[in-house]
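Beneath this line is the structure, given in structure tokens, with notes to follow.
Heavy-atom basis, side chains included; hydrogens, waters and symmetry copies ignored.
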Amino acid sequence: MVVDDFIVGGKTLSSRLFIGTGKFPDRRLIPDVIAESGSQVVTVALRRVNPESAEDNILSYVPDNVVLMPNTSGARNAEEAVRIARLARSAGCGNWIKIEITPDSTYLLPDNHETLLATQQLVKEGFVVLPYVMPDLVVARQLEDAGAAAVMPLGAPIGSNKGLKSRDFIAMLVEELSVPVVVDAGIGRPSEACEAMEMGCAAVLVNTAIASSENPVKMAKAFSEAVRAGRRAYLAGLGPVRDKAEASSPLTGFISSLE
């Protein structure tokens with residue numbers, strides 16, 4: 001396959017699979033999951049970073065050769081998200097930040113307005129900002145204008161494994177935005193990651209689907225292969241979808257030639 005890297009926040013990435021680090025039955029699985037996935041970007045919740053204890057510190061399980069993308073999980077508004085981002089940078093987590101603002105505790109849906117406010121502030125402070133949002137084209141354009149390095153629309157609620165329920169709206173973002181579109185949340189099967197890539201998404205972020213599987217390491221490999229397959233299909237160009245049948249070989253000439 002020809003080189004098919006993409007650039008986010010000034011970094012050139014060859015893997016289009018981002019990995020989350022929550023919900024694993026055993027944190028010691030995480031290094032193997034990351035290695036098997038080939039992922040180069042890993043997100044962690046800052047509240048799981050504990051410099052006082054290597055065993056409890058999630059960063060102890062993340063290899064040094066990946067891009068660390070702390071998230072603002074738990075933030076309920078822009079002010080809290082900005083504060084968490086600053087703490088993450090102070091804790092040595094770098095300047096990448098995934099803005100995650102979820103005031104709703106039942107469905108954990110992102111607040112797009114507060115996410116835009118946080119993005120505008122953090123971009124000014126030099127962060128590489130990747131906002132997690134509802135797939136709203138108007139807000140996505142505003143995030144792009146504000147300097148977001150990528151836009152991360154949800155496929156379905158976090159942790160639901162329901163797949164690409166917002167598929168049509170994600171397709172609009174892919175078509176209209178100049179920054180990478182990274183599907184975050186909801187993807188539950190490798191086939192759904194493949195579908196997102198076939199649509200032209202730049203990457204996908206997967207956590208629960210891998211962490212809650214019976215074999216997270218094998219599932220990480222499955223997602224890696226699915227993402228690569230979907231990307232290849234997108235680059236190859238999918239054939240048209242038709243409402244009526246169209247024979248793949250001529251229907252005339254063969255029988256009549258025997259008569």
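- Ion pairing between a basic and an acidic side chain is recognised when a charged N comes within 4.0 Å of a carboxylate O; Asp4 and Arg232 show no such pairing.
- Side-chain atoms of Thr43 come within 3.5 Å of backbone atoms of Met69 as a donor-acceptor pair (strictly under, hydrogens ignored).
- Heavy atoms only, all atoms of each residue included: Pro153 and Val151 are closest at CD-O, 3.2 Å.
- At least one side-chain heavy atom of Ser14 sits less than 4.5 Å from a side-chain heavy atom of Gln40.
- The side-chain heavy atoms of Pro103 and Asn77, taken from C-beta on, include no pair separated by under 4.5 Å.
- Between Val181 and Val179, every side-chain heavy-atom pair lies at or beyond the 4.5 Å cut-off.
- Taking CD of Gln120 as the start and CG of Asp145 as the end, the distance is 9.5 Å to the nearest 0.5 Å.
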- Item | From CA spacing to verdict: salt bridge (charged side-chain N to carboxylate O under 4.0 Å, His left out), Lys98, Asp184 | CA-CA 11 Å; Lys98 175 189 161 191; Asp184 178 15; 2.7 Å; yes
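- Not a single donor-acceptor pair under 3.5 Å links the side chain of Ser224 to the backbone N or O of Ala220.
- Shown here for Pro180 and Val8, the closest heavy-atom pair between the two residues is CG-CG2, 4.0 Å.
- Once rounded to the nearest 0.5 Å, the distance linking CD1 of Ile158 with CG of Leu109 reads 8.5 Å.
- Residues Ala81 and Thr72 approach most closely at O-CG2, 3.6 Å, considering heavy atoms.
- Side-chain N or O atoms of Glu144 include one that pairs as donor or acceptor with a backbone N or O of Ser178 at under 3.5 Å.
- Between Val128 and Ala149 the shortest heavy-atom distance is CG1-CB, 3.6 Å.
- Residues Met152 and Val183 are not in side-chain contact: their nearest non-hydrogen atoms beyond the backbone lie 4.5 Å or more apart.
- Between Arg231 and Tyr234, the closest side-chain pair of non-hydrogen atoms falls below 4.5 Å.
- A distance of 11.5 Å separates CG of Leu122 from CG of Leu130, quoted to the nearest 0.5 Å.
- The salt bridge (Lys or Arg N to Asp or Glu O under 4.0 Å) pairs that include a residue from residues 189-207 are Arg167-Glu195, where partners are two or more places apart or lie in different chains.
- Glu175 CD: 12 or fewer foreign heavy atoms inside a 6.0 Å radius.
- In this structure the side chain of Phe24 reaches within 4.5 angstrom of the side chain of Ile210, judged on heavy atoms.
- To the nearest 0.5 Å, atom CG of residue Asn112 and atom CG of residue Leu117 are 11.0 Å apart.
- Side-chain atoms of Trp96 and Val41, non-hydrogen and from C-beta on, do get closer than 4.5 Å to each other.
- Taking every heavy atom of both residues into account, Thr115 and Pro131 meet most closely at CG2-CB, 3.5 Å.
- At distances below 3.5 Å, at least one donor-acceptor pair connects side-chain atoms of Ser166 with backbone N or O atoms of Leu154.
- Looking at Ser90, its side chain does come within 3.5 Å of a backbone N or O of Arg86 through a donor-acceptor pair.
- The only option from Leu173, Val174, Val182, Leu164 that meets the side chain to side chain contact (heavy atoms under 4.5 Å, CB included) definition with Cys201 turns out to be Val174.
- Distance check, rounded to the nearest 0.5 Å: CE of Met172 to CG of Leu177 gives 12.0 Å.
- Between the side chain of Asn95 and the backbone N or O of Gly126 there is at least one donor-acceptor pair closer than 3.5 Å.
- Cation-pi geometry between Arg16 and Phe6 is satisfied (NZ or CZ under 6.0 Å from the ring centre, within 45° of the ring normal).
- Summarising the local packing, CD of Glu79 is surrounded by 12 or fewer heavy atoms from other residues, nucleotides or ligands at distances under 6.0 Å.
- Between Ala193 and Ile187, the closest heavy-atom pair is N-CG2, 3.9 Å.
- Ion pairing between Lys218 and Glu36 fails under the 4.0 Å rule for side-chain N and carboxylate O.
- Looking at heavy atoms from C-beta onward, Leu13 lies out of side-chain contact with Asp5 at the 4.5 angstrom threshold.
- Rounding to the nearest 0.5 Å places OG1 of Thr119 at 11.0 Å from CD of Glu114.
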